[in-house]
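Order of the sequence lines sets the chain letters (A, B, ...), proteins ahead of strands, with each chain counted from 1. The shown structure was predicted, so the numbers you read here are calculated from the model rather than taken from an experiment.
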Amino acid sequence: MKILGELSASDWRRLNGLLELALERSPDELDAWFAQLVPANADLVPLLRRMIAEGMERDAELSLPPLGGPMQPLAGDLVGPYRLVRELGRGGMAVVWLADRIDGTLERQVALKIPSTEWTDQGLAERIRSECAVLASLNHPNIAQLYDAGWSDSKAPYLALEFVDGVSIGEYCSARALDVPARVRLFIDVLRAVSYAHARLVVHRDLKPANVLVTHDGRVKLLDFGIAKVLSSEASAGGESELTRVSGRPITLAYAAPEQVLGKPVTTATDIYALGVMLCELLTGQRPFRNASGTRTAIEDALERGDAPLPSSLADRPAVARALRGDLDMIVRKALRKDPEQRFETAAAFADDLDRTLSGQPIRAQRGGSWYLLRRFVRRNRLPLGAGAGVIAAIVAGLCLALVESRRAEQQAENAAAIGSFVLSVIQQADPDATQETRASDLALLQTLAERIGKDLPQRPDLRFSLRLAVATAYRNRGEPAPATTLLRAALADAHSAPQLAPLDVLRARALLGETSDDDHERTAMLDPTIVALRAIGAPAAAVLVDALIARKRSDMIGDPNADGDLREALAVAQANLGLRDERTLRAADMLANMLGPGVREKNDEALAVLEPVIRAVMAAHSLPPGNPTLLHAESNYGRLLCVLGRTDEGLALLDQVVATAIERHHDGKELRSAMLYLARGQKNAGQMNAALGTLSSIYALLASRSPYGERLRYFYGNDLSHALLQARRPLEAEPFVEETRVFRNALPAGESKLRAEAEFQIGHRMLWIHLLLGEYEIALRQGESLVAQFQADHNPYYEYVADLFMGDIYLANGRPAEAQAAAEAALRYALSSGQRADDQAMIYATLSRIFLARGNAAQALAITDQQADKPAGSAAIDADLADFHLARGRALLALNRAAEAQKPLAQAYEFWRQFDATGIGLRRVTYWYAQALRAGGDAERSRQLHPPDRPPGDFPPPARGAIEAARSLAPQARIAAVLSRYPRRADLDALIALGPAAAGH
Amino acid sequence: MAEVTHLLEMARESGDRAAIDQVVAILYPDLHRLAMARLARNGTITQLDATSIVHETYERLIRSGQLDAACRGQFLAYASQVMRSVIIDHVRKRRAERRGGDAVQVTLSTGVMNQAASDDSDVERVNDAIEELEAADPRLKRVVEMRYFGGFEEREIAEALGLTERTVRRDWKRAQLLLQVMIRR
């Protein structure tokens, strides 16, 4: 017998010839034919037999390797920003590797999914672009996060997913020999995760035990949510036979729903089916249907298959069968219904029924009712389920309320029919490309629906109302208040002619209109009476009431001393009726906390202290996953509160964590920004000036790298940054940001008068400060006087006040002390009467003290600083303003020959500057006076060691003229870049910036 | 007469080695250029690409008068051959580059599954197997060449090689069986 390795060239020739003959024979003739071969050829017979047998097995063509594709990955290869470590596994469509990030800044490892070349096609780039943003925003502790997607240098695409260290759910349950209730509980976690994703219109498409892992600590993690859609192209309808579709796109047949096998569009119901198979397998160890072999049989099987057998009949042990009989049987069977509409309509409903089983309550798996009727109606009329299924589901779910309201069964059915045929007719005329579930087409569908409601339902104002309310809610949830407003106005008009509508629904519509409308009058007209009515209804209206109260307060938060009343009420109502785990409760607490805080009167410290434990309890009890935007926002506020209350270390730690979480989740939107802003303020108040500047420049750097955010945000945060830089006495660094603000102001369109005025104000007073610090006193004076005159003419006392803050020093520097005193005193009066920030007060006192000292009135200079001997609660350390203040006080004491007492404040100022900016003017100035105090106090040695300057420096000694000119010779962008690179930035933020906007969510 | 046509006829009639070489020399640069462009654009070359590249070259030669449409079949056969060279050369060059970068050869941690052979070495093995096939059955080799490296359909192969479609089909089936065995060795 010849074995493979020994074949010679002539052997091959023989083999070839024999094979040719053999292949002409039919299978029955083969044995006879083999028998009559000459003995010389007998050595090849076994090989021949094997080859022929293999040849018969393969229906499909032998697949040879593709020609010149990208190389198979190897460990150590670089794919995008990742380095491959080891292969984790391979499936039909892709191979998965464990990978590190190259720069090692982000400590986690990822699972890198690299599609096999056979499965990539033209549309892949587009699908990665459109799908991955959605998938990356799926943010749930039980779903493996998609971090990133992109293309390596060799054009190989990759997807970077969270690496999960666990085993499949089946293995986990067997290894621990979990009983039925424990398995069900685990499965409920799976369902909740699926429900989360479905709510965001992401279908998994390939649910199977291999995609549901459990970590060693019992946490469920779903892998590859929605990835199947990205990797495989949806064959265009009618372009391929169903057979090709099945074999061309690998689906795991065992878990595939019948409609999936038949190549119909995939919906959430398909996922439910797969989950049903998984649950059956998890409970009984077996799948409900025997595996079909060969693709043709699978299709026939899918067409003919009846209902699934009951799991209890599949159980291997009688004890298990007993546990499954009844409810669990019903639940699994409902999930496995051949007809998609008869399955659970949502994963949440599935989970709820399982929950009920566990606690002994009756399940709903048998329910018919209006939902079922509607879907049955829709199906009878062959609605293509793929088209905007998510939208329809959302809308119709919202309509259930309306349907359920009518008591009589006929009425229910009739309503269902009317709504059903209406919605159906809209879909049928919708975009034929509507098999994509993109947001764009969802919005288009909503719009078409909105337009048609008015035209096609003339006789039914009640249905029009319900539909409009549902569509408006969908719009609002998508962040589109304007169309929602239009719809709601029309809906409320309908409500007049539909007395049978439930009052709560009408109130809900009014409250929603109050939230979305941009007309102040309308808002008040909607919200005020509605809130009164909602209060009267009591507990059933709690959720709507909370929303309405929050909506009312969001609109007029600033300047209203009673503004927190509504939010307090909202919080109370939410706590009492919705519980601490509800998102609304957290939102109410968060908004209330947001209102109270720095900038408001001191007595609110007390209120804060009362509020803080409430927030703590809410945050401990909530049910939101970490990284959820509402949660991040609340945590930022809480951190800010902690800083304000003096618990700076806790507050900063929390804020830092929030920032890190937001960065890790790629939320480069407003949650991250406000968390960083609070962090910067907290750092500043804690005396960590450099850190604060670093944080602020990080925000700015982030915004500068994301052009979609536009100039507006850069303007706001640029202001914060320039303010902080000026407080740090770095005028040359602040100046380019003011330049940018000028550009921004010049580019504002004509209608934006308020913003323009504000920008003018920012530019104006920043420049005053800058000129003052740069020693350009005359320019400062000219500009200052003109500004003050303008603000007086505009009747803007706050702006005038801010200008006066600087005018005192400006007049003083120009040798006009009387006017200096007048300006400073005016500023002080305003500050005291309107409760302005305490930081400002330190600055004013320092200025006044300087002025008095200059006018020879040391006693008064000292008395002024007595006003603020203690720092307000919340800032143990000091900043430049306070250092100035201490310096002023020290100088006053020195002038009164109380050198010993002068040493303490001067030492404080000295210490601050030494730590913050050892080479700057600030330190030299303080050193002079400190040395004076030491010498006068008898400590000449120490005084000499400080190497003070010989002459007293001026109040605002400027940097060298050369330095000023050098800085100004650069373009503003270059100066800004220099500033940003000077301050330490967070490494993880830099990594996020480097990732680019495509990978990030909002 | 058109230059390439002339060469092809000489190659066919007398098996003139020089003529064959010249055909190859003419076709190689164009096919290579097109293949590399396709690779750069898509990151991969599929059978479809190979076919379309050959067709493109064919059109160009027709337009420039270097080829007559009458010898289309022959041209396709030779072009497949050249296409094969182009691809194999590319694959070999890449493997050489890859091995040159030693940093890539990191030890794999234990427990990992057996690494299947890279796509490239598969292609090379098919190529080697085809060479062996030539010794056993030259006609089979040409069928495989046109099918695998040229991506042509049975009809076109039959036309080019002067066979019936049925023969081509049977040849191809047989070739697959043989190749499988050869590669697995």
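With hydrogens and angles disregarded, a donor-acceptor distance shorter than 3.5 Å links the side chain of A:Arg13 to the backbone of B:Ala135. Between the A:Asn211 side chain and the A:Asp224 main chain, no donor and acceptor come within less than 3.5 Å of each other.
Contacts between B:Arg174 and chain A at a heavy-atom distance below 4.5 Å involve backbone atoms as well as side-chain atoms. For chain A, no part of B:Leu133 is nearby; none of its heavy atoms comes within less than 4.5 Å.
Distance check, rounded to the nearest 0.5 Å: CG of A:Leu112 to CZ of A:Phe163 gives 12.5 Å.
Taking B:Glu153 as the reference, nothing meets the side chain to side chain donor-acceptor pair (under 3.5 Å) condition, with sequence neighbours excluded. For B:Tyr78, there are no ring-ring contact (aromatic ring centres under 6.0 Å, His included) partners at least two apart in sequence or on another chain. Partners of A:Asp28 according to the side chain to side chain donor-acceptor pair (under 3.5 Å) rule, which considers only residues two or more places apart in sequence or in another chain, do not exist here.
No salt bridge links B:Asp171 with B:Arg147; every basic N to acidic carboxylate O contact stays at or beyond 4.0 Å.
For residues 16-24 of chain A, the interface with chain B (any heavy-atom pair closer than 4.5 Å) comprises A:Asn16, A:Leu19, A:Glu20, A:Leu23, A:Glu24, sorted by residue number.
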